[in-house]
Peer 1: 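Once you've had a glance at the structure underneath, I'll fire off some questions.
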Amino acid sequence: MIAAPLGRVLEATGYLVDGQPAAPTVVLTGESSSQQNRLSFAPDVEWRSRSAHTIYFKYVAERPSKERIGKWQREVWNQGFTPLLWIVSSDHTDIYNGFGLPRPPDRAGENRLRTFRNIQTDLRQLDQVAGRLSMETGQFWRTESRVHRRNTVDRRLLGDISVLERDLVRAGLARDAAQALIGRSIFAKYLVDRKIVSNVLLREISGEANLTDVLRCTSSTKRFFDWLCTTFNGDMFPSSLSVPDASHSNRIAQFLEGADPNTGRRLLFPYQFDVIPVELISSIYEQFVHIATERNSTGVTDARHQGVYYTPLAVVRLTLDRLAAGLSGDETVVDFTCGSGVFLVEALRRLVAIKCREQIVTRDLIRTTLYEQIYGLDINESAIRVAAFSLYLAALELDEYPCPPEALTFQPLIGHSLRVGDAYSVTEQSARRTADTERKGKPFDLIVGNPPWSYQGKEGTEVRRARNTTRGLSPRGPSLDFLALARDFGQIGTRVGLVVSAAPFFSRSGTGLAAAQDGLEGLSDIELVDLSAHSRWLFSNAKMPAIVVLGTISDAESTKSEHMSLVHTPWSATAAKGHALEIVPADHNKLAFRSWKRNSNLLKVSFVGRRHDQLLLDSLHDAYPTLGRRLATLNTELAVGLTYGNRTRDATFLKGLPTLERGMLQRFSVPNDLLPFGEARAERPRTRNTYRAPLLLIQESLGAGGRPVAAISNRDVAFSKAYYGVSFMPHHIETAHLLCAVLNSAVASWYFLMSGSEFGVGKRRLLSSDVAEFPSPDFEEAIRSTNGRRVLRAATELTVDHIGGDGLTALDDAVFDLYGLDAVDRVVVRNGLVRAGWQWTKGREHSMEPADVDDIRAYVQAFLQLVEPWLTMSGQGHVCAEVYELERSCPIRAVRFIIAPGRRESRVSVYRPEQELKDLLDSIGRRASVQITNEIVGPRDVRVYGSGELVILKPASRRHWLGVMGLEDADHAIRHSIPLG
Amino acid sequence: MTETGGDRGQERRATLFLGGPVRAAILNLIGSGWKTASQQMNGRAGQAEVETTEYLRDGMRDAAKRLGSFGRQITVAPGTESRSRQGARRPKGITDIPIYLRAIREEYDDHDPHAIVECKRISGGDTNLCREYVVEGIDRFRKEKYAERHAQGFMAGYVVSGDGVGAVRGVNKYLKGRGRLEEQLARSDEVLTLDCWKSQHDRGVGHEAIHLEHVFLMC
């Protein structure tokens with residue numbers, strides 16, 4: 001039973017409708033919530049997004065004391081995935097920052113974000129700020145900057161234990177030993193916090209009742225660690241382990257007390273290891289070990305050198321979420337590069353959860369799952385130790401009554417289900433010793449992991465080549481090799497989920513692409529999840545974007561008829577600030593594997609673009625030969641600029657030539673004040689003819705906003721490798737100018753976004769192969785044509801001082817005419833330029849701003865481009881479109897299309913509804929007999945078809961209201977009138 | 001249409017239902033196409049069925065293109081075989097004017113025609129042509145030589161003498177004579193600007209009935 005004031009607040013903010021949850025994301029928890037059984041804080045209601053974010057709603061008749069608030073907020077913060085805590089009293093609703101660092105009781109109010117009175121006007125504001133629709137659509141994250149994952153328990157703990165490790169190393173402890181000591185201390189603290197080791201027991205064992213006191217006494221520490229070694233096993237606490245030096249244990253004790261190591265002053269120790277989710281602890285420890293890995297001689301951490309990147313929990317969950325459907329719980333799981341076991345921990349939790357649907361959780365069930373179903377390998381011994389630690393923690397966490405401690409002894413995992421070594425050595429040398437010893441040669445059911453991505457030098461490639469003689473090798477790192485390996489360890493039906501480098505998938509390099517395609521052969525139910533938009537927070541040090549490959553081992557014939565499911569997870573404020581990945585239906589696309597084999601361009605456009613991008617790309621490729629071929633007919637070619645590098649070749653022939661270095665080129669203009677070339681030698685000086693005027697110069701990196709930068713030089717200019725150049729014959733000067741204009745246009749920007757190897761998937765540059773593939777008209781014919789002359793005129797009018805919106809728009813229009821683009825194509829290309837801008841922060845933020853009426857009008861016009869001809873041809877009426885002008889802070893936008901009788905032009909009108917959003921949605925829903933608010937779950941589109949009308953509701957962000965989305969929605973509406981039965 | 005061999009193919013695919021606006025658009029496309037075709041044929045329209053159909057097809061394409069993006073959403077293809085059944089390797093008939101809708105092809109990756117227009121010369125006073133219209137036209141839909149998975153089909157009658165109403169009378173008379181009263185053509189208001197008629201034909205247990213839209217084009 002929900003208290004009346006809480007019910008009123010939740011009704012007003014859309015979490016409840018008529019006293020019931022408004023959507024499956026809202027859960028009435030109450031006091032009995034078993035999830036909360038270790039917390040003093042028990043919420044009354046929860047909202048849980050599919051990406052694991054949670055909001056707690058708690059009712060108290062009187063506003064609680066600071067102490068109480070501080071305690072609750074600390075527990076919530078330790079859970080790690082709760083951005084907001086609502087405390088509702090009879091008069092007020094206080095919103096607390098669940099990601100805010102816990103403060104001492106007297107400062108608990110610092111984490112209060114806002115207070116609202118429980119009156120209509122305030123609740124309306126609250127609804128706009130953090131109501132259900134605001135949370136579901138992600139609008140909350142756009143406006144609230146104080147709630148950010150940088151302050152969460154995992155980030156903070158990671159920072160603290162990194163400092164702790166640094167101090168221990170400075171105090172003379174070897175790095176490995178420091179990491180091991182920290183791991184054991186966290187494990188011990190977990191046991192104490194979880195009350196597996198009570199204070200009484202601790203005193204019995206060590207003579208001290210408090211863990212920090214134990215650590216401050218060498219003999220107590222020894223006794224306690226010995227007891228742990230006996231009680232658990234040697235994996236975590238090897239008996240050979242020496243007792244830590246007093247200064248080291250003292251520093252650990254300081255950490256556990258929250259004391260400042262410099263002043264000794266006690267601060268609030270924010271961590272509650274009995275509350276922090278165990279998967280988060282193992283993820284934190286994995287990050288810690290990764291960051292702390294000793295630097296090698298080249299100054300690069302070993303982990304980076306090996307191309308190893310820790311796997312964020314969001315990626316682990318995403319991968320396992322998508323593999324989990326239909327599992328029985330009896331499956332075996334292996335990770336060949338398990339690191340500290342973050343995949344294995346999550347897999348263990350899920351397998352146990354599945355089994356528990358039909359069985360009671362017992363220690364035996366948990367342990368059997370751990371020993372017989374979870375397998376890991378890693379070349380790094382300390383990583384394997386951490387994996388064991390993480391799995392032990394997970395098993396204890398799953399154990400509802402983990403006592404008495406003596407009954408908790410684990411079987412050793414290391415050397416059994418966890419092994420040090422690489423998967424190849426297991427295959428080749430020891431005849432799959434892991435498999436033979438523990439698995440009796442049986443193939444695995446699930447193969448997961450995040451294998452190394454980076455190029456490992458010629459030596460590494462040689463090793464890979466020696467292992468792999470039958471398939472193409474990816475030139476950019478070994479991650480794809482693991483797909484082949486998965487087939488060796490699996491069988492028909494084995495599910496695979498691997499995080500690999502995305503680069504080969506989008507590459508124009510024959511070998512990279514072939515390796516990616518080979519890697520997928522033999523899989524069915526293929527799903528590729530592109531994570532490139534999230535590289536900054538997922539894999540911040542990686543040089544390449546990531547892709548998750550999911551599939552089921554099958555025969556090669558099945559792959560040939562496979563329709564791959566492609567998921568492009570776009571950048572969003574929710575992901576950037578909340579570090580959560582949420583996939584919605586609009587992010588999905590499909591591509592036949594055989595189509596990709598036939599035309600490699602299709603994969604990129606299917607990820608980055610929409611259906612109409614794909615259609616236009618196809619038609620341009622069909623209609624126009626590539627720039628490379630066009631240039632060949634003019635006896636010239638695209639050249640890459642000079643590389644200074646190791647300066648091994650003579651470059652004196654360039655002496656004195658004005659030289660264009662990185663960042664100097666401007667659109668349509670080469671600076672006059674270039675410095676002369678002064679080097680005698682260069683690694684790749686190219687030839688003198690490369691630099692001969694008239695010279696078309698194209699900048700490798702795109703201009704801010706996504707438009708390529710090109711200019712013509714009428715004098716010979718040497719240019720660095722930051723540019724590509726085409727040297728034309730003097731009588732082809734007009735051709736050069738025409739091409740320059742086209743390359744500066746929105747058509748080029750859109751094309752490179754949709755087909756470039758790297759632009760749009762983590763990088764902002766063009767490769768020479770991207771430029772060479774650009775579909776190009778017949779230049780000679782074009783410069784004689786009216787449209788070609790218009791392009792040249794538009795370019796001439798664009799001077800350096802006057803390169804702005806109008807001039808470029810005129811240029812774009814002229815180029816559209818040159819390419820014969822119709823109204824639909826123009827929507828696609830113009831939106832392509834906007835989407836290219838999303839590769840920059842400014843563009844991304846602009847895309848998340850709420851759409852205004854003009855944005856929605858443009859969307860409607862695009863929609864009508866496709867729908868109107870149907871109505872004209874059918875003679876069944878015309879469209880009246882109503883754009884609802886809602887308040888800027890409203891989390892959604894809505895458009896209503898009505899088919900009205902009579903043949904006339906469609907009409908778009910703006911309608912400012914008098915009623916509140918909730919009432920508006922209710923009235924729309926009543927007409928179609930749909931409870932609309934139930935349908936809005938996550939940042940997804942909702943289409944409501946009524947009699948002769950269609951209402952489209954989407955999150956307010958501009959990116960949902962682009963014209964290209966209007967085209968897609970129009971296709972949907974047309975398809976809706978052709979159902980399959 | 002030309003007949004070829006047939007087989008029962010394999011698994012039956014989901015039935016395709018065309019909504020009212022789509023049906024009306026196809027009928028109007030036939031009507032608009034006919035305006036162009038009959039002008040271009042300079043009085044020869046209807047004399048030779050195959051040639052007339054070629055002109056009609058071109059006329060329909062021109063009409064679609066005139067509406068901008070509509071031309072990209074609908075494809076008026078040359079006469080082609082239809083494999084209503086998945087995996088059928090011996091299609092049973094070649095359609096006169098197969099129509100493809102981009103929305104269907106993209107969503108379901110379906111390359112079989114999405115709407116079929118069967119063309120026949122007709123004259124109400126010519127029993128032979130009326131019989132041909134039924135046996136070589138309507139019955140091809142009814143007996144599932146094609147359009148097996150379509151809920152709707154289209155017939156264009158080239159009225160070589162008399163008018164559309166007379167043509168309908170002739171066809172209905174033929175149907176009545178064979179006891180097929182329920183299958184007779186009735187006036188349709190699907191498209192008010194065209195002389196449109198409709199009929200419905202059972203295709204046996206477990207099969208959707210086929211609804212035919214008839215448009216009579218004056219030669």
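The figures that follow rest on heavy atoms only: side chains count, while hydrogens, waters and symmetry mates do not. Every chain is numbered from 1, with letters handed out A, B, ... down the list of sequences.
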Peer 1: Under a 4.5 Å heavy-atom cut-off, does chain A meet the side chain of Ile74(B), its backbone, both or neither?
Peer 2: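 Just its side chain gets close to chain A.
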Peer 1: Could you check whether atom CZ of Arg187(B) has more than 12 heavy atoms from other residues, nucleotides or ligands sitting under 6.0 Å from it?
Peer 2: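 Atom CZ in Arg187(B) is packed in, count exceeds 12.
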Peer 1: Could you tell me which of Gln73(B), His114(B), Arg23(B) has the largest number of non-hydrogen atom pairs under 4.5 Å with chain A?
Peer 2: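 Answer, by heavy-atom pair count under 4.5 Å with chain A: Gln73(B).
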Peer 1: What part of Ile26(B) gets closer than 4.5 Å to chain A, counting heavy atoms only: side chain, backbone, both or neither?
Peer 2: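 Neither part, no heavy atoms under 4.5 Å.
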Peer 1: Only one of Asp825(A), Leu615(A), Leu866(A) clears side chain to side chain contact (heavy atoms under 4.5 Å, CB included) with Arg72(B); which?
Peer 2: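 It is Asp825(A); the other options fail the test.
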Peer 1: Side chain of Asn28(B), backbone of Met873(A): donor and acceptor closer than 3.5 Å?
Peer 2: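 It does hold such a pair.
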Peer 1: Strictly distance-based, threshold 3.5 Å: is any side-chain N or O of Ser69(B) a donor or acceptor partner for the main-chain N or O of Gln865(A)?
Peer 2: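 Pair found, side chain donor or acceptor close to backbone of Gln865(A).
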Peer 1: Counting heavy atoms not belonging to Arg180(B), are there more than 12 under 6.0 Å from its CZ?
Peer 2: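 Atom CZ in Arg180(B) is packed in, count exceeds 12.
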Peer 1: Please flag which part of Ala63(B) lies under 4.5 Å from any non-hydrogen atom of chain A: side chain, backbone, both or neither.
Peer 2: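 For Ala63(B), the contact with chain A is made by backbone and side chain together.
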Peer 1: Might you point out which heavy atoms bring Pro21(B) and Ser874(A) nearest each other, and give the distance in Å?
Peer 2: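 So the minimum-distance heavy-atom pair works out to O-CB, 3.1 Å.
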Peer 1: Contact part of Arg102(B) toward chain A, heavy-atom cut-off under 4.5 Å: side chain, backbone, both or neither?
Peer 2: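 The side chain, not the backbone.
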Peer 1: What residue, out of Leu29(B), Leu101(B), Leu27(B), has the most heavy-atom pairs lying under 4.5 Å from chain A?
Peer 2: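 Between Leu29(B), Leu101(B), Leu27(B), the count favours Leu29(B).
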Peer 1: What part of His563(A) is in contact with chain B, defined as an atom under 4.5 angstrom from a non-hydrogen atom: side chain, backbone, both or neither?
Peer 2: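 Answer is side chain: those atoms of His563(A) sit under 4.5 Å from chain B.
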